[in-house]
There are 2 protein chains.
Amino acid sequence: MNSDDFKNDLDHFEQTCKNAGLKVTQQRMEIYRALLESSDHPSAETLYRRLRDRMPTLSLDTVYRTLATFEKHRLVHRLETKESQARFEALNVRHHHFLCDRCGSVFDFTWPAFDTVALPPTLGRIGTIERKNVVLHGRCTACLAAEDR
Amino acid sequence: MNSDDFKNDLDHFEQTCKNAGLKVTQQRMEIYRALLESSDHPSAETLYRRLRDRMPTLSLDTVYRTLATFEKHRLVHRLETKESQARFEALNVRHHHFLCDRCGSVFDFTWPAFDTVALPPTLGRIGTIERKNVVLHGRCTACLAAEDR
DNA sequence: CCCAGAATTAATAATTTTTACCAAAACAAC
DNA sequence: GTTGTTTTGGTAAAAATTATTAATTCTGGG
């Protein structure tokens with residue numbers, strides 16, 4: 001992500017907060033920024049540890065509470081994983097997920113061809129679709145390399 | 001699922017247990033059967049409640065332990081959801097999931113057209129793929145009907 | 001610049017989910 | 001039958017998440 005995008009995201013964040021009547025506090029800013037800067041879809045705990053350097057007084061409670069607030073206002077997205085700890089990502093470009101079954105890492109990717117495939121007709125009876133996501137499972141390159149030793 | 005398929009699944013279950021050196025106990029049988037009979041991807045707690053009628057002495061501990069054992073031997077599959085409680089399904093035909101964002105229900109569907117789409121080339125750098133799954137989000141018909149009132 | 005209201009903090013605790021422990025009993029498989 | 005695995009019951013612990021309360025801090029709007 002280049003610095004312009006970054007600035008835009010932070011602007012969008014401020015705007016969304018204001019629209020929703022949310023105050024733009026230091027903590028909310030930093031938590032959102034940390035999510036933008038992270039590509040590893042951190043959990044609340046991870047974010048907390050990551051931010052304590054910059055913000056020694058930050059409380060874990062605030063991280064959980066803030067993430068829940070963000071989620072409610074669609075600023076962040078809670079990932080679906082099998083792990084016990086929930087993972088989050090800042091909500092920007094549409095993408096899909098690759099999950100490494102060994103180390104649990106999550107990688108993003110885009111797949112334009114997928115978006116054009118017609119959905120199976122049976123879905124009409126199931127419900128209305130608002131989001132389509134692909135989840136791939138496998139081994140990430142790092143784990144593959146580690147296993148070859 | 002017709003009763004032949006069902007029998008086949010139970011046979012496959014017994015065979016897999018034996019291959020893995022797992023004893024075919026009453027509890028394991030019933031837990032697996034309950035999963036085969038369920039289309040709602042129940043959690044450990046739900047399975048426990050569901051089975052207590054037939055098996056009053058079953059313990060929750062056993063359900064968790066057994067599901068973990070099954071998962072290790074690839075007899076069941078732990079679903080990825082945002083919910084706190086993990087959900088399980090018996091592992092048979094390949095399918096995708098529709099999640100209702102309102103009531104949390106999970107519906108299965110197949111999508112042959114999806115399976116033929118070429119993956120984006122960028123994935124080569126990420127890792128090797130073992131499973132591809134689509135997760136759709138939306139409102140199930142029941143929730144849509146309820147909202148129209 | 002000030003004020004009201006919102007948000008955070010600290011410290012603790014409760015809840016929920018999941019897993020673990022033990023000794024005793026049950027039971028599947030050979 | 002014997003053996004070794006598994007379940008049970010009861011309890012407990014760990015991990016993840018949410019809540020409480022009062023005091024303090026800070027944002028946003030005037």
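Everything numeric in this text was worked out from a predicted model, so none of it was measured. To find a chain, count down the sequence lines: A is the first, B the second, and so on, and within it residues start at 1.
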Distance only, no hydrogens: is a donor on one side chain within 3.5 Å (strictly under) of an acceptor on the other, for [X] and [Y]?
X: B:His77; Y: B:Arg131; value: yes
X: B:His41; Y: B:Glu89; value: yes
X: B:Arg50; Y: B:Ser38; value: yes

Side-chain atoms of residues 110-122 of chain A: list all donor-acceptor pairs with protein atoms under 3.5 Å, sequence neighbours left out, distances to 0.1 Å.
unit_1: A:Trp111; atom_1: NE1; unit_2: B:Ala118; atom_2: O; d: 2.9
unit_1: A:Asp115; atom_1: OD1; unit_2: A:Arg94; atom_2: NH2; d: 3.3
unit_1: A:Thr116; atom_1: OG1; unit_2: A:Ala113; atom_2: O; d: 2.8

Would you classify B:Ala68 as touching base, sugar-phosphate or nothing, given that sugar-phosphate means primed atoms plus P, OP1 and OP2, and contacts are heavy atoms under 4.0 Å?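 Nothing, no heavy atom under 4.0 Å.
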Check every strand shown and say whether A:Ser43 touches a base, only sugar-phosphate, or nothing at a heavy-atom separation below 4.0 Å.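 A:Ser43: no heavy atom of the nucleic acid under 4.0 Å.
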Chi angles and distances behind the side chain to side chain contact (heavy atoms under 4.5 Å, CB included) call for A:Asn19, A:Gln15: CA-CA 6 Å; A:Asn19 291 345; A:Gln15 204 49 57; 3.5 Å; yes
Between B:His97 and B:Val134, does the side chain to side chain contact (heavy atoms under 4.5 Å, CB included) criterion hold? Intermediate values first, please. CA-CA 6 Å; B:His97 289 140; B:Val134 179; over 6 Å; no
Would you grab the first and last nucleotide of DNA chain D (5' to 3') that comes under 4.0 Å of any non-hydrogen atom in chain A?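 The footprint of chain A covers D:dA16 to D:dG28.
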Atom pair CG (A:Leu58) and CG (A:Leu47), whose distance is rounded to the nearest 0.5 Å: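 With rounding to 0.5 Å, CG (A:Leu58) is 9.5 Å from CG (A:Leu47).
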Rounded at 0.5 Å granularity, tell me how far CG in A:Leu51 sits from OG1 in A:Thr62.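 Interatomic distance, A:Leu51 CG to A:Thr62 OG1, rounded to 0.5 Å: 11.0 Å.
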Can you list the steps and then say if A:Met29 with A:Phe13 is a side chain to side chain contact (heavy atoms under 4.5 Å, CB included)? CA-CA 8 Å; A:Met29 264 310 224; A:Phe13 169 73; 3.5 Å; yes
Ion pair check, B:Arg54 and B:Glu37, cut-off under 4.0 Å: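 A salt bridge is present here (some side-chain N lies under 4.0 Å from a carboxylate O).
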Considering the terminal five base pairs at each end of the helix from C:dC1-D:dG30 to C:dC30-D:dG1, what angle separates the two local helix axes, rounded to 10°?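 That helix gives 60° between its end axes.
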Show your working on side chain to side chain contact (heavy atoms under 4.5 Å, CB included) between A:Tyr32 and A:Val76 and close with a plain yes or no. CA-CA 8 Å; A:Tyr32 191 78; A:Val76 306; 4.3 Å; yes
Tell me, please, the opening and closing nucleotides of DNA chain C, 5' to 3', among those with an atom under 4.0 angstrom from a non-hydrogen atom of chain B.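 Span of nucleotides near chain B: C:dT17 to C:dA29.
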Donor-acceptor pair, A:Thr16 side chain versus A:His12 backbone, under 3.5 Å?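 At least one qualifying donor-acceptor pair exists.
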Contact list for DNA chain D against residues 13-31 of chain B - heavy-atom distance below 4.0 Å: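 When residues 13-31 of chain B is checked for heavy atoms under 4.0 Å from DNA chain D, the hits, listed by number, are B:Leu22, B:Lys23, B:Thr25, B:Gln27, B:Arg28.
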Can you check side chain to side chain donor-acceptor pair (under 3.5 Å) on B:Thr66 and B:Thr69, steps first, answer last? CA-CA 5 Å; B:Thr66 302; B:Thr69 307; 5.7 Å; no
Residues from residues 51-60 of chain B lying under 4.0 Å of DNA chain C - heavy atoms: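 By residue number: none to list.
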Within a strict 4.5 Å, meaning less than it, do heavy atoms of the B:Thr128 and A:Leu144 side chains meet?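 Result yes, sub-4.5 Å side-chain heavy-atom pair found.
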My understanding is that only one of B:Arg65, B:Arg87, B:Arg78 makes a salt bridge (charged side-chain N to carboxylate O under 4.0 Å, His left out) with B:Glu71; could you say which?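 With B:Glu71 as partner, B:Arg65, B:Arg87, B:Arg78 yield a single salt bridge (charged side-chain N to carboxylate O under 4.0 Å, His left out), made by B:Arg78.
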